[in-house]
Amino acid sequence: MLRYCKFSFNPGFRQPAFLLAFLLGGYFFSCSAPKAASEPMPLNPNGDSELALLMRAMTGEAQVVKQQIEQGEAPWLGLDYEKILTAQASVPEKAASAAYQEHARSYLQTVKALREGDVANARPLYNNMVNACMSCHTALCPGPTVRIKQLY
Ligand code: HEC
């Protein structure tokens, strides 16, 4: 009995599971792979880029904004969204491409429209913003699209 317990807590058995969880975390959150729905965001094994952290904050804020709109409140977007143009990405070439910069600018337009728009139009303006997330991701980084679809 004692031996059994000792074995079940042997770090040699636990470590592979831990590593696997890390690897799967990287798999689900990377650009190239679909991501499991509604999981807490795990740490990227290579460290989180500035852009990845911004994206997570954007996802969190979009969730809050969606609720505000559903409750008839004025949406409040407090993040520094302009950082999307300069934040360091885990694959820097990707965020430096003309296509990325173009998508980023259209996205910023939709954020501006939502910030400045009427509460009465908030829902369609919000949808335009999520559409802009989707179009950049569909073109350049399809992994998180599963997560983004939940923002509609
Ligand atoms: C201009 C292109 C672009 C736009 C617009 C964009 N993203 Fe991203 N997103 C990226 C790129 C590129 C990455 C990969 C970042 C990295 O790994 O450094 C990313 C990563 C992510 C991730 C994964 C973050 C992580 O944990 O690694 C999520 C979630 C995400 N974006 C959600 C969103 C949401 C929600 C929006 C809109 C509110 C949005 N994105 C708008 C390009 C974009």
Side-chain angles (χ1 to χ4, degrees), residues 11 14-152:
R14 293 170 55 179
Q15 213 170 6
F18 194 64
L19 277 174
L20 187 67
F22 258 98
L23 288 173
L24 282 176
Y27 177 79
F28 283 129
F29 288 89
S30 67
C31 279
S32 48
K35 175 171 155 312
S38 74
E39 288 208 348
M41 306 238 183
L43 293 173
N44 182 321
N46 302 319
D48 298 303
S49 70
E50 197 188 345
L51 187 61
L53 293 174
L54 174 66
M55 290 288 160
R56 274 182 228 174
M58 280 160 48
T59 307
E61 187 153 272
Q63 248 164 344
V64 173
V65 162
K66 183 184 169 190
Q67 277 171 7
Q68 288 170 333
I69 294 170
E70 278 165 4
Q71 288 162 10
E73 294 167 20
W76 193 80
L77 293 107
L79 288 171
D80 183 3
Y81 285 92
E82 295 277 326
K83 273 196 189 148
I84 194 175
L85 296 171
T86 52
Q88 188 74 17
S90 34
V91 183
E93 308 87 86
K94 223 172 217 183
S97 72
Y100 174 91
Q101 292 292 322
E102 211 169 290
H103 280 289
R105 272 180 237 284
S106 330
Y107 165 73
L108 289 173
Q109 288 297 320
T110 66
V111 171
K112 186 166 186 272
L114 180 58
R115 270 180 171 150
E116 295 172 1
D118 263 8
V119 184
N121 293 331
R123 184 67 215 196
L125 291 173
Y126 171 84
N127 283 349
N128 289 346
M129 185 187 77
V130 182
N131 289 343
C133 308
M134 281 301 277
S135 66
C136 184
H137 274 271
T138 307
L140 300 173
C141 180
T145 50
V146 178
R147 177 73 189 83
I148 297 170
K149 276 186 194 145
Q150 296 171 347
L151 295 173
Y152 282 113

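In this text, all values refer to a predicted model and were calculated from it rather than measured experimentally. Ligands are counted one by one from 1 in listed order, and the atoms in each one are counted from 1 as well. Starting from 1, each residue takes its place in the sequence as its number.
- Evaluated by nearest non-hydrogen atom to atom 37 (C) of ligand 1, the leading choice among A95, G60, C133, A57 is C133.
- Here H137 has side-chain heavy atoms under 4.0 Å from ligand 1, and that is the only part of it that gets that close.
- Taking 4.0 Å as the cut-off, R56 counts as a neighbour of ligand 1 on heavy-atom distance.
- Proximity of S90 to ligand 1, defined as any heavy-atom pair under 4.0 Å, is shared by backbone and side chain alike.
- Side-chain contact between M134 and K149: present, with at least one pair of heavy atoms (C-beta onward) separated by less than 4.5 Å.
- Residue contact check: H103 has heavy atoms under 4.0 Å from atoms 1 (C) of ligand 1.
- Within the structure, side chain to side chain donor-acceptor pair (under 3.5 Å) contacts touching residues 98-111 (residues at least two apart or in different chains) do not occur.
- By the 3.5 Å distance cut-off applied to N or O atoms, S49 is counted among the residues near ligand 1.
- The atoms of ligand 1 that sit less than 4.0 Å from any heavy atom of Y107 are 5 (C), 37 (C), 38 (C).
- Counting heavy atoms from C-beta on, the side chains of H137 and R147 never come closer than 4.5 Å.
- Distances from ligand 1 to the non-hydrogen atoms of C141 include at least one value under 4.0 Å.
- Side-chain contact between V64 and W76 is absent, with no heavy-atom pair separated by less than 4.5 Å.
- For the pair I84/L108, a side-chain contact is recorded, criterion being any heavy-atom separation below 4.5 Å from C-beta on.
- In this structure, L151 and A62 approach most closely via the heavy-atom pair CD1-CB, 3.9 Å.
- Annotation for ligand 1: atoms under 4.0 Å from non-hydrogen atoms of A52 are 18 (O), 24 (C), 25 (C), 27 (O).
- At a heavy-atom cutoff of 4.0 Å, ligand 1 is contacted by the side chain of L151 but not by its backbone.
- One N or O on the side chain of E50 and one on the backbone of Q88 form a donor-acceptor pair closer than 3.5 Å.
- Residue contact check: C136 has heavy atoms under 4.0 Å from atoms 1 (C), 2 (C), 3 (C), 4 (C), 5 (C), 42 (C), 43 (C) of ligand 1.
- Residue contacts with ligand 1, taken as heavy atom pairs separated by less than 4.0 Å, involve P144 solely via side-chain atoms from C-beta onward.
- No side-chain heavy atom of V65 sits under 4.5 Å from any side-chain heavy atom of M129.
- When each atom of ligand 1 is checked for a heavy atom of M58 under 4.0 Å away, the hits are 36 (C), 37 (C), 38 (C), 39 (C), 41 (C).
- Using a 4.0 angstrom heavy-atom cutoff, T59 counts as in contact with ligand 1.
- Heavy-atom contacts of A89 reach the following atoms of ligand 1: 18 (O) (cutoff under 4.0 Å).
- Within the 4.5 Å cutoff, no side-chain heavy atoms of Y81 are placed close to those of L54.
- Heavy atoms only, all atoms of each residue included: L114 and A122 are closest at CD1-O, 3.7 Å.
- Remark: ligand 1 atoms within the under-4.0 Å shell around heavy atoms of A104 are 1 (C).
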